[in-house]
Amino acid sequence: MIIRKATIKDSNDIATYLLLAMEDIVYKFIGEHNYTKARDFLLHFIEKENNQYSYKNCFVVEDDNEIIAAVNIYDGAKLHLLREPIAQYVRTHFNKNFNPEDETQKGEFYIDTLGVNPKCQGKGIGSKLLQFLIDEYVTKKQKTLGLLVEDGNPNAKKLYLKLGFNPVGNKTLVGKTLEHLQIKA
């Protein structure tokens, strides 16, 4: 099993795995509960550069030449710049009043979305991917990592706390209040 920077060739797999973790959010973006449209929406941006969901902002986990997980991470200071192409697209095609809340901020690298192939869940892959990010960003680069967790996902929160993340407050995203966790150098 290897963890590596994503390439454009990984885009289809990235879209599938990121959508596992953010289906409800994308459905709110596009205004309907339609898996195919949601996946196509994500894929549209993953295949492009200079936006928050770009493959350039992703790492993948590969096992036996198969992508089994993906994570999307970027500098929180660049949120508005990276989100703008997405916001414009949503306003043009789905919701002219689209104006999402800031889920991250300057001073942290933000783990936006992490998804693992359902056949591989429960095998520690998400933990290994998070530990990889902690090693790369916190240990090596002396940066702060941040993420959001839902109250309805106590297992994820338990994992994040075990890995060293600490609660720093709450954030609202698409009308949902989420707990903001960080791990610092």
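Start at 1 with the first residue, then count along the sequence.
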Identify the heavy atoms of T36 and N34 that sit nearest to each other, and give their distance.
N-OD1, 3.1 Å

In terms of hydrophobic clusters joined by side-chain contacts under 4.5 Å, are V61 and L20 together?
no

Could you give the distance from CG (D112) to CG (N57), rounded to the nearest 0.5 Å?
9.0 Å

Taking atom SG of C120 and atom CE of M1, what is their separation to the nearest 0.5 Å?
9.5 Å

Whether the side chain of N72 engages the backbone of Q52 through a donor-acceptor N/O pair (distance < 3.5 Å, no angle test) should be reported.
yes

Shortest non-hydrogen separation from L18 to A70 and the atoms involved
CD2-O, 3.9 Å

May I ask you to decide if the ring planes of F59 and F132 are parallel, tilted or perpendicular, using 30° and 60° as cut-offs?
perpendicular

Short question: side chain of N117, backbone of I67 - any donor-acceptor pair under 3.5 Å?
no

About how many Å separate CD1 of I46 and OH of Y17, when rounded to the nearest 0.5 Å?
12.5 Å

Between H33 and Y27, how do the two ring planes meet: parallel, tilted or perpendicular, split at 30° and 60°?
tilted

Would you name the heavy atoms of Q142 and A185 that are closest together and state the gap between them?
OE1-CB, 3.5 Å

Reported OG1-to-CG distance for the pair T177 and N170, which is rounded to 0.5 angstrom:
6.5 Å

Please test L145 against F165 for side chain to side chain contact (heavy atoms under 4.5 Å, CB included), starting from the C-alpha separation and ending with a verdict.
CA-CA 8 Å; L145 278 179; F165 284 86; 4.1 Å; yes

Check for a donor-acceptor pair, side chain of R91 on one end and backbone N or O of N99 on the other, with a separation under 3.5 Å.
no

Residues in salt bridge (charged side-chain N to carboxylate O under 4.0 Å, His left out) contact with R4, at least two apart in sequence or another chain
D10, E62

For a 4.5 angstrom cut-off between non-hydrogen side-chain atoms, does P85 reach N50?
no

Looking only at the aromatic ring of each residue, does the gap between the centers of H44 and Y89 stay below 6.0 angstrom?
yes

Please determine if D102 and R83 form a salt bridge, counting it only when a charged side-chain N lies under 4.0 Å from a carboxylate O.
yes

Do L147 and V168 share a hydrophobic cluster (ILVMFWY, side-chain heavy atoms under 4.5 Å, transitive)?
no

Can you tell me if D75 uses its side chain to pair, donor with acceptor, with the backbone of A77 under 3.5 Å?
yes

Side-chain donor or acceptor of S54 paired with backbone N/O of K48 under 3.5 Å
yes

Taking atom CG of N153 as the centre, report whether more than 12 heavy atoms of other residues, nucleotides or ligands fall under 6.0 Å from it.
yes

Do I14 and L130 share a hydrophobic cluster (ILVMFWY, side-chain heavy atoms under 4.5 Å, transitive)?
no

Search all heavy atoms of A6 against all heavy atoms of V60 and return the closest pair with its distance.
CB-CG1, 4.0 Å

Test side chain to side chain contact (heavy atoms under 4.5 Å, CB included) on L163 and I183; report intermediate values, then the result.
CA-CA 9 Å; L163 289 171; I183 184 170; 5.7 Å; no

Strictly below 4.0 Å, N to O, side chains only: are E136 and K5 in salt-bridge contact?
no

Heavy-atom closest pair (I30 atom, A38 atom, distance to 0.1 Å) is CD1-N, 3.7 Å

Single-linkage hydrophobic cluster L178~L181, side-chain heavy atoms < 4.5 angstrom:
no

Qualifying residue, where the test is side-chain contact (heavy atoms from CB on, under 4.5 Å) with V71 and the options are I3, L129, T113:
L129

Minimum heavy-atom distance between T144 and G107, given as atom pair plus value:
CB-O, 3.4 Å

Mind jotting down which residue pairs meet the salt bridge (charged side-chain N to carboxylate O under 4.0 Å, His left out) criterion with at least one end in residues 159-182? Sequence neighbours excluded, please.
E150-K176, K157-E179

For the side chain of S11 and the backbone of I8, is there at least one donor-acceptor N/O pair under 3.5 Å apart?
yes

Please list all pairs passing the ring-ring contact (aromatic ring centres under 6.0 Å, His included) test where one or both residues lie in residues 106-129, with sequence neighbours left out.
Y74-Y110, F109-Y137

Show your working on side chain to side chain contact (heavy atoms under 4.5 Å, CB included) between I68 and V116 and close with a plain yes or no.
CA-CA 6 Å; I68 59 170; V116 177; 5.8 Å; no

From OH (Y53) to CG (L19), nearest 0.5 Å
10.5 Å

Test of understanding: clusters of I, L, V, M, F, W, Y form through side-chain heavy atoms closer than 4.5 Å, transitively. Do Y55 and L133 belong to the same one?
no

If we only count heavy atoms from C-beta on, is the L42 to E23 side-chain gap below 4.5 Å?
no

Go through it in stages, so that I can follow the logic: the residues are L148 and E103, the test is side chain to side chain contact (heavy atoms under 4.5 Å, CB included), and I'd like the CA-CA distance, side-chain angles, deciding distance and then a yes or no.
CA-CA 8 Å; L148 300 179; E103 65 224 71; 3.8 Å; yes

